[in-house]
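Protein chains get the first letters and strands the later ones, always in sequence-line order, with residue 1 at the start of each. Keep in mind that this is a model prediction, so the values were computed, not measured.
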Amino acid sequence: MAEEKLPTRAENFAEWYNQLVLKAELADYAPVRGCMVVRPYGWALWENITAWLDKEFKATGHVNATFPTLIPMSFFEKEKEHVEGFSPELAVVTHGGGEELEEPLVVRPTSETIIGYMYSKWVKSWRDLPILIVQWGSVLRWELRTKLFLRTAEFYWHEGHTAHATSEEAKEEMYRILDIYERFCFEQAAVPVFKGTKSETERFAGAQITTSIEAMMWDKRALQSGTSHYFGTNFAKAFEIQYLDKSNTLQFCETTSWAISSRIIGAIIMVHSDDQGLVLPPRIAPIQVVIVPIYKNEAEKAAVMEVADRTFSELKAAGIRLKMDDREEVTPGFKYNDWEMRGVPLRIEIGPKDVEKGSVALARRDKPGREGKTFVPQTNIAATVSAMLDTIQAALLEKALAFRDANIHDPKDYEELKQVVQDGWALSYWCESKACETKVKDDTRATTRNIPFNQPEHSGTCIVCGAPAKRKVYFAKSY
RNA sequence: CGGGGUGUAGCGCAGCUGGCUAGCGCGCUUGCUUUGGGAGCAAGAGGUCGUCGGUUCGAAUCCGUCCACCCCGACCA
């Protein structure tokens with residue numbers, strides 16, 4: 001049944017991705033261009049992602065709140081760079097209740113403006129600071145080219161918005177959040193990322209500093225997987241967020257904002273999955289284990305189900321998220337393929353032979369076929385399975401790290417740089433001039449991703465123009 | 001918005017030098033036999049051929065129009 005298989009990644013990566021998202025039932029196309037429906041399985045994955053982040057934000061003193069979807073158009077005009085950055089992709093509401101509105105309302109593409117407006121009402125004294133609010137919701141940007149999860153018109157995210165007394169505090173906040181993002185990627189998503197600073201051209205509209213985490217996908221393109229911005233007093237001045245300090249002097253606040261969006265699901269897909277379908281890291285997988293019972297007749301069924309039910313109960317009691325696939329109408333072989341398409345990390349097969357031998361078969365999703373199959377005793381199954389899930393989680397990260405590092409190059413000269421960014425990343429000295437950045441983009445379509453925090457001891461010379469350069473930057477094609 | 005492509009059953013496609021009742025694969029429904037890597041057989045259900053107009057005795061098929069979507073470029077989480 002050829003139609004049920006995916007195209008291979010090698011023959012058509014873009015089509016492989018589209019079909020995988022649809023066939024794994026993560027998402028579907030909505031009737032409105034550029035919009036997607038996140039299906040229950042995809043949303044369960046998103047909930048596991050958001051639950052971890054929410055816990056971390058709360059542990060660092062943040063609280064959740066919700067601001068309106070509609071923002072007065074005039075708010076966008078208060079910060080010059082912000083409006084220039086976002087105006088091409090705004091959706092605008094002009095009518096309400098059958099009448100034309102006096103002032104058009106923007107469907108939020110991000111909430112700095114309305115939150116800035118509210119903060120100006122709430123902040124009067126140094127005692128009111130800091131404000132550490134996170135909003136969970138969706139935003140809308142009128143994108144020209146869309147792709148499920150990676151770039152949709154409406155997408156889901158959290159946006160953190162904080163206001164502080166000092167620039168030191170605000171910058172600390174920006175870095176603190178980036179660290180949380182980094183930990184999420186490594187520990188939960190098994191997606192290795194680099195933390196770094198964005199160049200001036202890649203910076204968020206209205207930010208003084210934009211930091212990001214950047215991940216390498218299977219096709220070696222880069223994906224910005226999270227961002228954290230320091231605004232200085234830009235938005236505080238635009239919205240008059242001011243407080244009286246301890247010496248009774250009126251001061252502008254220092255603000256930040258930061259986000260991880262549903263795009264991260266695209267990263268998880270493109271880093272781990274294979275030609276059989278989705279591969280999910282155990283810690284965020286909606287279903288960590290699926291049990292497939294195998295039998296030919298009623299007598300076998302009774303014996304097999306007894307072991308299967310007992311196994312299910314023991315794993316459930318151990319807190320493992322699992323599913324019993326007791327469908328009668330499809331064959332075991334179909335079920336194997338079905339759950340492999342959905343990326344379930346571990347499959348347990350239990351048949352008559354296992355009943356006889358007191359064993360069960362474990363099949364690892366990250367190692368397809370015979371290589372990933374082992375037979376283990378039924379006794380102490382919860383401990384065995386938990387350990388196996390940890391092993392899979394670690395193996396996914398290790399594999400992704402090895403792949404990433406093998407595809408980062410240190411070109412000797414500009415000619416070599418032009419070569420390597422066609423199928424990989426370059427980490428090179430850069431003089432930080434716009435001219436050199438633009439030249440690379442024009443010549444290769446690769447852009448600067450970020451200037452990593454981890455830098456070599458010594459300075460060097462710009463890979464493009466040869467001028468003295470203090471820091472290295474990642475050049476790569478990106479999504 | 002520039003370049004390229006595609007619209008025929010839920011999905012993937014064929015038919016397109018005009019011709020009578022529009023086909024195929026998958027999926028779906030019912031029944032029986034199956035079940036350790038995508039089961040088999042049988043019987044069914046499902047389509048105003050993207051839109052509007054033109055040519056013609058006759059249009060899925062030829063011509064024009066509009067619309068939608070996909071891919072490649074300029075912008076972005």
Side-chain angles (χ1 to χ4, degrees), chain A residues 1-7 12-15 18-19 22-23 28-34 84-90 109-110 138-159 181 198 201-205 210 212-215 222-229 257-267 276-277 292-298 300-301 304 325-341 347-357 359-361 363 368-370 372-373 375 441-442 445 447 478-479:
Chain A
M1 275 148 245
E3 283 87 4
E4 293 179 6
K5 286 188 180 152
L6 298 170
N12 191 343
F13 190 68
E15 194 49 32
N18 286 338
Q19 289 192 24
L22 298 175
K23 287 182 174 168
D28 202 352
Y29 293 102
V32 176
R33 181 187 129 73
E84 283 172 8
F86 279 102
S87 58
E89 51 188 27
L90 296 180
T110 179
S138 70
V139 289
L140 191 74
R141 299 179 186 177
W142 212 259
E143 297 290 346
L144 298 176
R145 267 186 72 189
T146 60
K147 197 167 175 91
L148 295 167
F149 289 116
L150 294 177
R151 195 184 304 98
T152 47
E154 184 179 19
F155 59 87
Y156 302 87
W157 72 350
H158 65 262
E159 43 181 326
Y181 290 171
K198 285 290 198 180
T201 46
E202 299 285 331
R203 195 185 287 165
F204 180 81
T210 287
S212 72
I213 47 173
E214 303 280 337
L223 186 77
Q224 179 174 313
S225 303
T227 50
S228 186
H229 315 290
S257 83
W258 26 272
I260 278 184
S261 75
S262 43
R263 165 184 267 191
I264 195 76
I265 293 175
Q276 293 299 311
V292 179
I294 298 150
Y295 47 80
K296 287 193 175 75
N297 51 51
E298 286 301 316
E300 283 183 359
K301 178 180 174 183
V304 164
D325 189 352
D326 53 6
R327 285 178 290 177
E328 303 269 358
E329 65 277 9
V330 290
T331 63
F334 180 90
K335 293 176 183 178
Y336 299 167
N337 287 285
D338 199 29
W339 294 110
E340 280 167 11
M341 183 66 80
R347 179 177 71 242
I348 302 181
E349 305 166 12
I350 303 174
K353 291 176 202 162
D354 296 298
V355 172
E356 220 172 277
K357 292 187 284 187
S359 64
V360 301
R370 193 158 296 170
K373 225 175 220 191
F375 291 88
K441 188 174 183 181
D442 291 346
R445 287 172 53 204
T447 52
S478 74
Y479 276 97

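- Residue Glu340(A) is classed as a base contact, given a heavy-atom separation below 4.0 Å to a base.
- The base of rG37(B) has none of its N or O atoms less than 3.5 Å from a complementary donor or acceptor on the side chain of Arg370(A).
- In this view, Lys301(A) and Glu328(A) satisfy the salt bridge (Lys or Arg N to Asp or Glu O under 4.0 Å) rule, not counting sequence neighbours.
- Residue Pro352(A) is the one, among Pro352(A) and Ser225(A), whose nearest nucleotide of RNA chain B lies closer to the 5' end (criterion: closest heavy atom).
- Looking at residues two or more places apart in sequence or on another chain, you find no ring-ring contact (aromatic ring centres under 6.0 Å, His included) involving Tyr29(A).
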Are any protein N/O atoms closer than 3.5 Å to N/O atoms in nucleotides 74-76 of chain B? If there are, list each pair with its distance.
from    : atom 1 : to        : atom 2 : distance (Å)
rC75(B) : OP2    : Lys441(A) : NZ     : 3.4
rC76(B) : O2     : Arg151(A) : NE     : 2.9
rC76(B) : N3     : Arg151(A) : NH2    : 3.3

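- Heavy atoms only, all atoms of each residue included: Pro88(A) and Gly85(A) are closest at CD-O, 3.7 Å.
- Not counting sequence neighbours, the partners of Phe13(A) by the ring-ring contact (aromatic ring centres under 6.0 Å, His included) test are Trp16(A), Trp218(A).
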side-chain hydrogen bond (donor to acceptor under 3.5 Å, both in side chains) assessment of Gln224(A) paired with Tyr479(A): CA-CA 8 Å; Gln224(A) 179 174 313; Tyr479(A) 276 97; over 6 Å; no
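- In the interface, the side chain of Asp338(A) is not paired with the base of rG38(B) through any donor and acceptor atom under 3.5 Å apart.
- Taking all atoms of both residues into account, the shortest heavy-atom contact from Pro109(A) to Phe86(A) is CB-CD2, 3.9 Å.
- For Phe334(A), taking side-chain heavy atoms from C-beta onward, the closest of the listed nucleotides rA39(B), rG36(B), rA77(B) is rA39(B).
- Partners of Glu89(A) under the salt bridge (Lys or Arg N to Asp or Glu O under 4.0 Å) rule, at least two apart in sequence or in another chain, do not exist in this structure.
- Neither OP1 nor OP2 of rG38(B) sits under 4.0 Å from any side-chain N or O of Thr331(A).
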Verify side-chain contact (heavy atoms from CB on, under 4.5 Å) between Lys147(A) and Thr152(A), making sure each step is shown before the conclusion. CA-CA 6 Å; Lys147(A) 197 167 175 91; Thr152(A) 47; over 6 Å; no
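- Distance from the side chain of Tyr29(A) is smallest for rC70(B) among the nucleotides rA77(B), rC70(B), rG36(B).
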With Watson-Crick and G-U wobble geometry limited to distances under 3.5 Å, how should the secondary structure of RNA chain B be encoded in dot-bracket form, using | for bases paired to another strand and [ ] for crossing pairs? ((((((((.[[[[.)...(...]]]].((((((.....)))))).....[.[[[..)....]]].])))))))....
